[in-house]
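Scroll down for the structure; my scribbles are underneath it.
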Amino acid sequence: MMPSRPNLLSTTRLVLHALLSLNFILGMGIGALLLASFIVPQWLQAALGARPEAPPALMTGMRLIMLIGLAGVPLANLVLARLLAMVTTVRDGDPFIPANAARLQAIAWALLAIQILNLAVGAVCASVSMIYPLDIGWSPSVDGWLSVLLLFILARVFDAGTKMRIDLEGTV
């Protein structure tokens, strides 16, 4: 038996609230790691698996990656909060409103910024790896870039559809 839409929307809202909380916790964790990198750098370096003879460039690279991670936290929050607002309009029965078109646009811009941050992590890894091996399993995300394009297009379609709906309501 298929779940009803209200149950699916309730589950979606619950998941988005959980993800917002996890995003906050993740940001706090990254911030704590960054702080620890200045207070007890040798401990952090050992905990992350770096050898004691690693050059200072390694810690600098790890700190840069932590800063990039911190920059991603508010972007992820923006995406999750906008999605939650859109789910609320679906639950309320009127998702085709101008605010949702603007939310999709904001999500697209935030995901674009996240993709750029992802490239920055790759650049840091590549530059540090010239001095000391730094393998964090980074790879570029073609899916992420395609998602950004899709969201920009969807935001435009949503905006045009919303305007058409408003025009149609005005003629009836």
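Since this is a predicted model, take the numbers as computed values, not measurements.
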- prompt: According to a 4.5 Å side-chain heavy-atom criterion applied to Ile, Leu, Val, Met, Phe, Trp and Tyr, with indirect links allowed, do Leu117 and Val148 form part of one hydrophobic cluster?
  reply: yes
- line: Here the pair of heavy atoms bringing Gly93 nearest to Pro95 is C-CD, 3.7 Å
message: Quick check on the hydrophobic clustering: are Leu19 and Val90 connected, directly or via other members, by side-chain heavy-atom contacts under 4.5 Å?
response: yes
message: Quick check on the hydrophobic clustering: are Ile166 and Leu104 connected, directly or via other members, by side-chain heavy-atom contacts under 4.5 Å?
response: no
Where Gln115 and Ser141 come nearest, the two heavy atoms and their spacing: OE1-O, 3.6 Å
field: Euclidean distance, Arg103 CZ relative to Leu83 CG, rounded to 0.5 Å
entry: 10.5 Å
message: Using 0.5 Å steps for rounding, measure from the CE atom of Met59 to the CD atom of Gln42.
response: 7.5 Å
- request: Please state whether the rings of Trp109 and Phe152 are parallel, tilted or perpendicular, taking 30° and 60° as the class boundaries.
  value: perpendicular
query: How long is the gap from CE on Met86 to CD1 on Ile107, to the nearest 0.5 Å?
result: 5.5 Å
- prompt: Between CG of Asp159 and CG of Leu154, what distance do you get to the nearest 0.5 Å?
  reply: 11.0 Å
- request: Evaluate the side-chain proximity of Ile131 to Leu58: yes if any heavy-atom separation is below 4.5 Å, no if none is.
  value: no
Side-chain heavy atoms of Thr11 within contact of Leu14, under 4.5 Å: no
query: How far apart are the closest heavy atoms of Leu78 and Ala106, and which atoms are they?
result: CD2-O, 3.6 Å
message: Could you check whether atom CZ of Arg165 has more than 12 heavy atoms from other residues, nucleotides or ligands sitting under 6.0 Å from it?
response: yes
- prompt: Should Ile114 and Leu111 be marked as a side-chain contact (heavy atoms from CB on, under 4.5 Å) after you check the CA-CA gap, both sets of side-chain angles, and the distance that decides it?
  reply: CA-CA 5 Å; Ile114 288 170; Leu111 289 181; 4.1 Å; yes
task: Decide yes or no on side-chain contact (heavy atoms from CB on, under 4.5 Å) for Asp92 and Thr89, but give the supporting numbers first.
output: CA-CA 5 Å; Asp92 294 343; Thr89 64; 5.5 Å; no
task: Indicate, with yes or no, if Met28 and Val40 share a hydrophobic cluster defined by side-chain heavy-atom contacts under 4.5 Å among Ile, Leu, Val, Met, Phe, Trp and Tyr.
output: no
query: Do we get Arg63 above Phe38's six-membered ring, with its NZ or CZ under 6.0 Å from the centre and within 45° of the axis?
result: yes
- request: Calculate, to the nearest 0.5 Å, the distance between atoms CG and CG belonging to Asn23 and Leu75 respectively.
  value: 9.5 Å
field: Derivation of the side-chain contact (heavy atoms from CB on, under 4.5 Å) call for Leu44 and Leu33
entry: CA-CA 8 Å; Leu44 182 65; Leu33 280 176; 3.4 Å; yes
field: side-chain contact (heavy atoms from CB on, under 4.5 Å) assessment of Met62 paired with Ser37
entry: CA-CA 9 Å; Met62 290 192 302; Ser37 77; over 6 Å; no
Cluster overlap Ile65 with Leu34, hydrophobic side-chain contacts below 4.5 Å: yes
query: Less than 4.0 Å between a side-chain N and a carboxylate O, is that true for Asp167 and Lys163?
result: no
- prompt: When rounded to the nearest 0.5 angstrom, what distance separates CH2 in Trp145 from CG in Leu119?
  reply: 5.0 Å
task: For Ala101 and Ala155, work out which heavy atoms get closest and say how close.
output: O-CB, 3.9 Å
